[in-house]
**Student:** 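Below you will find the structure I want to go over with you.
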Amino acid sequence: MLNSYDDFTPLSEIIVGSAENYVGHDRDLTFELFFHEAIGGYRSDWAYPRLAARGSGGQAQTWKIGKRYTEELHEDVETFASTLASLGITVHRPLPLPHDALPIAGLGWQTAPTPALNVRDNTLILGDEIIETAPAIRSRYLETRLLTPVFRRYAEAGARWSTMPRPTLTDASFDLSYTQSAATTLGGPTEPVTDPQPSPYDVGIEMMLDGAQVLRLGQDLIVNIAQDNHRLGVDWLERQVAGRFRIHRVHRMADNHIDSMLLALKPGVFLARHAGLRDMLPAPFQSWKFIVPPEPEPGQFPVYTDSELLLTSPYIDINVLSLDEERVLVNADCAGLIKTLEGEGFTVIPVRHRHRRLFGGGFHCFTLCMRRAGGLVDYR
């Protein structure tokens, strides 16, 4: 049975994503907007290639990832899944993306799909309910279909299964104000988005919300909002869970996902990128202890050439996975983080994940916690 209200009570069932046939990124407007901070600014020449048919979305340019990196990612993900299984956790997997997968298409756009690797992003598990969230990246529009066999088994066992309204994802669907603001979370203003293309399918700003924008704390949900797409998604979520969960909105803690900024390791203890995040939290959670690891060391990351596209900040390794209130899976390359957690009394289980900056995810991103021992608890 599905039962998952937090990220720290004893874990017994989990979904681990698949990296099979993850060979590249289609760099269209949706990809550029989502990763605009990490990749050094929005690139209209990538998002609107001149060879594409104007006004139709066209075909985005594909950024190929080196074969060595894709093979090593697959190796690391499979080792991660095997480690969880060896620890007594029931591990479910999505369908692998076929090597000859056809492009997917919406109203006015077409793109190459990506595998269901960072499964935390497009699904939110709340107690006994699976909620497929509204995606913001076109290449990930059908990603949860690769999880359908697993979701169906939980639904047949009694779980609720819901889907947020799906956005059309035309250029006009996006609130661009955040990418053009000097008040961004991780840096200065980006290159202005000056060339969004009209479409006959435009409906205006649409709801978009990733599951990884939600910090689950029993009865309380802390949700990061950076712009109006997120706000509309949270409005829907608040109505969906009314009477069961309390939603707390935090504004611009991150561009989107919260789980490389702040994670709960156990009641009363957060792992945080920096102590200043305390002031952004709802008052009941400001009294929790904040564990802040040392700054990442350059040596803990592979050295890449300028031809590789880095999608995450060096803080990605905060994205740990807790098995319970004592044991935490941490990237084996993060000596400072490991030492800090061990000094706080946690048992660290090191696992290798080399190319997290190329593929945009860590252990928390790779997983969906489907069964934990916790319930609808008030941790305030």
**Student:** Search all heavy atoms of Asp175 against all heavy atoms of Asp228 and return the closest pair with its distance.
**Tutor:** OD2-N, 2.8 Å
**Student:** Look at the aromatic rings of Phe80 and Phe363 and report parallel, tilted or perpendicular, splitting at 30° and 60°.
**Tutor:**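 Ring orientation, 0 to 90° scale: parallel.
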**Student:** Using only atom types and a distance under 3.5 Å, with no angle test, would you say the side chain of Arg244 pairs donor to acceptor with the backbone of Gln240?
**Tutor:**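 Yes; at least one donor-acceptor contact below 3.5 Å.
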**Student:** Could you check Arg140 against Asn122 for side chain to side chain contact (heavy atoms under 4.5 Å, CB included), going step by step and ending with a plain yes or no?
**Tutor:** CA-CA 8 Å; Arg140 305 187 69 180; Asn122 288 326; 3.6 Å; yes
**Student:** State, with a plain yes or no, whether a side-chain heavy atom of Leu215 is found less than 4.5 Å away from one of Asp259.
**Tutor:**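 No - every pair of side-chain heavy atoms lies 4.5 Å or more apart.
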**Student:** Quick one: does Arg216's side chain get under 4.5 Å of Ser4's, heavy atoms only?
**Tutor:**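 Sidechains of Ser4 and Arg216: in contact.
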**Student:** Quick one: are Pro302 and His355 in side-chain contact, heavy atoms under 4.5 Å?
**Tutor:**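 Contact flag for Pro302/His355 side chains = yes.
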**Student:** Taking only Lys NZ, Arg NE, NH1 and NH2, and the carboxylate oxygens of Asp or Glu, determine whether Arg166 and Glu206 approach each other closer than 4.0 Å.
**Tutor:**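 Salt bridge between Arg166 and Glu206, a charged N being under 4.0 Å from a carboxylate O: no.
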**Student:** May I ask you to decide if the ring planes of Phe8 and Tyr379 are parallel, tilted or perpendicular, using 30° and 60° as cut-offs?
**Tutor:**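 Correct class here is perpendicular.
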**Student:** Using the rule that two of Ile, Leu, Val, Met, Phe, Trp, Tyr join whenever any of their side-chain heavy atoms come within less than 4.5 Å, decide whether Leu277 and Trp288 are in one cluster.
**Tutor:**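 Linked, Leu277 and Trp288 end up in one cluster.
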**Student:** Quick one: does Thr367's side chain have a donor or acceptor within less than 3.5 Å of a partner on Cys369's backbone?
**Tutor:** no
**Student:** Whether Asp317 and Arg356 form a salt bridge (side-chain N of Lys/Arg under 4.0 Å from carboxylate O of Asp/Glu) is what I want to check.
**Tutor:** yes
**Student:** Might you point out which heavy atoms bring Pro135 and Pro167 nearest each other, and give the distance in Å?
**Tutor:**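 The pair with the smallest heavy-atom distance is O-CG, 3.4 Å.
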**Student:** Taking Arg246 first and then Asp378, would you say they form a salt bridge - that is, a charged N and a carboxylate O separated by under 4.0 Å?
**Tutor:** yes
**Student:** With no hydrogens and no angle check, do the side chains of His257 and Asp210 hold a donor and an acceptor under 3.5 Å apart?
**Tutor:**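 Side chains of His257 and Asp210: pair found under 3.5 Å.
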**Student:** May I ask you to decide whether Arg273 forms a salt bridge with Glu295, counting only side-chain N to carboxylate O separations under 4.0 Å?
**Tutor:** no
**Student:** Are Arg371 and Leu2 side-chain neighbours, meaning at least one heavy-atom pair lies under 4.5 Å?
**Tutor:**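 With C-beta onward as the side chain, the pair stays apart.
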**Student:** Parallel, tilted or perpendicular: which one describes the rings of Phe270 and Phe285, with boundaries at 30° and 60°?
**Tutor:**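 Taking Phe285 first and then Phe270, their aromatic rings sit tilted (interplane angle of 30° to 60°).
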**Student:** Side chains of Glu132 and Thr123: any donor to acceptor distance under 3.5 Å?
**Tutor:** no
**Student:** Treating Asn229 as the side-chain partner and Ser173 as the backbone partner, does any N or O pair qualify as donor plus acceptor under 3.5 Å?
**Tutor:** yes
**Student:** In the structure I gave you, are the side-chain heavy atoms of Val223 and His230 within less than 4.5 Å of one another anywhere?
**Tutor:**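 Counting from C-beta outward, Val223 and His230 never come under 4.5 Å.
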**Student:** Is the His74-Tyr22 ring centre distance short of 6.0 angstrom?
**Tutor:**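 For His74 and Tyr22, the ring centres are not under 6.0 Å apart.
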**Student:** Between the side chains of Lys266 and Asp6, is the shortest nitrogen-to-carboxylate-oxygen separation below 4.0 Å, so that they form an ion pair?
**Tutor:** no
**Student:** What pair of heavy atoms forms the shortest contact from Gly374 to Thr9, and how long is it?
**Tutor:**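 Distance-wise, the nearest heavy atoms are N-OG1, 2.9 Å.
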**Student:** Looking at Trp109 and Thr168, would you say the former's side chain and the latter's main chain have a donor-acceptor pair under 3.5 Å?
**Tutor:** yes
**Student:** Do Arg352 and Glu75 meet the salt-bridge criterion of a basic N to acidic O distance under 4.0 Å?
**Tutor:** yes
**Student:** For Phe301, does the six-membered ring have the charged nitrogen or CZ of Arg357 within the cation-pi criterion, i.e. under 6.0 angstrom from the centroid and within 45° of the normal?
**Tutor:** yes
**Student:** Tyr315 and Leu337: same hydrophobic cluster, using ILVMFWY side-chain contacts below 4.5 Å?
**Tutor:** yes
**Student:** Would you say the ring centers of His92 and Tyr154 fall short of 6.0 Å from each other?
**Tutor:**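 Between His92 and Tyr154, the centre distance is under 6.0 Å.
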**Student:** Please determine if Arg239 and Asp235 form a salt bridge, counting it only when a charged side-chain N lies under 4.0 Å from a carboxylate O.
**Tutor:**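 No, no charged N to carboxylate O under 4.0 Å.
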**Student:** Where is the tightest heavy-atom contact between Ile338 and Pro350, given as atom of each residue plus distance?
**Tutor:** CD1-CB, 4.4 Å
**Student:** Between Glu344 and Lys289, is the side chain to side chain contact (heavy atoms under 4.5 Å, CB included) condition met? List the steps.
**Tutor:** CA-CA 11 Å; Glu344 295 287 346; Lys289 181 175 183 177; 2.6 Å; yes
**Student:** Using the rule that Ile, Leu, Val, Met, Phe, Trp and Tyr join whenever any side-chain heavy atoms are under 4.5 Å apart, tell me whether Phe245 and Ile222 fall into a single cluster.
**Tutor:**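 In one cluster with Phe245: Ile222, no.
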**Student:** Can you tell me if Asp128 uses its side chain to pair, donor with acceptor, with the backbone of Asn3 under 3.5 Å?
**Tutor:** no
**Student:** Looking only at atom types and distance, does a side-chain atom of Arg120 sit under 3.5 Å from a main-chain N or O of His364, one as donor and one as acceptor?
**Tutor:** yes
**Student:** Might you point out which heavy atoms bring Thr114 and Leu146 nearest each other, and give the distance in Å?
**Tutor:**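 Here Thr114 and Leu146 meet closest at O-CD1, 4.4 Å.
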**Student:** With ring centroids as reference points, do His353 and Phe366 lie under 6.0 angstrom apart?
**Tutor:** yes
**Student:** Between Asn256 and Leu209, is there a side-chain heavy-atom distance shorter than 4.5 Å?
**Tutor:** no
**Student:** Looking at Val16, is its backbone amide N or carbonyl O close enough to the side chain of Arg93 to form a donor-acceptor pair, meaning the two atoms are under 3.5 Å apart?
**Tutor:** yes
**Student:** Measuring only between side-chain heavy atoms, which start at C-beta, is Leu107 closer than 4.5 Å to Thr170?
**Tutor:**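 Leu107 does not reach Thr170 side chain to side chain.
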**Student:** Verify, without hydrogens or angle tests, whether Ser18 (side chain) and Pro94 (backbone) share a donor-acceptor contact under 3.5 angstrom.
**Tutor:** no
**Student:** Decide yes or no for Ile258 and Gln213: does some side-chain heavy atom of the first lie under 4.5 Å from some side-chain heavy atom of the second?
**Tutor:**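 The answer is no, as the side chains (C-beta and beyond) never meet within the 4.5 Å cut-off.
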**Student:** Show the nearest heavy-atom pair for residues Ser139 and Ala112, with the distance to one decimal.
**Tutor:** CB-O, 3.2 Å
**Student:** Would Leu73 end up clustered with Ile65 when hydrophobic side chains under 4.5 Å apart are linked, directly or stepwise?
**Tutor:** yes
**Student:** Arg249 vs Asp220, test: salt bridge (Lys or Arg N to Asp or Glu O under 4.0 Å). Steps then yes/no.
**Tutor:** CA-CA 11 Å; Arg249 301 175 185 225; Asp220 293 278; over 6 Å; no
**Student:** Among Val320, Leu271, Val351, Leu321, exactly one meets side chain to side chain contact (heavy atoms under 4.5 Å, CB included) together with Val330. Which residue is that?
**Tutor:** Val320
**Student:** When you measure from the side chain of Asn331 to the backbone N and O of Asp333, does any donor-acceptor pair fall under 3.5 Å?
**Tutor:**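 Confirmed, Asn331 side chain pairs with Asp333 backbone.
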**Student:** Transitively linked via ILVMFWY side-chain contacts under 4.5 Å: Leu169 with Leu142?
**Tutor:** yes
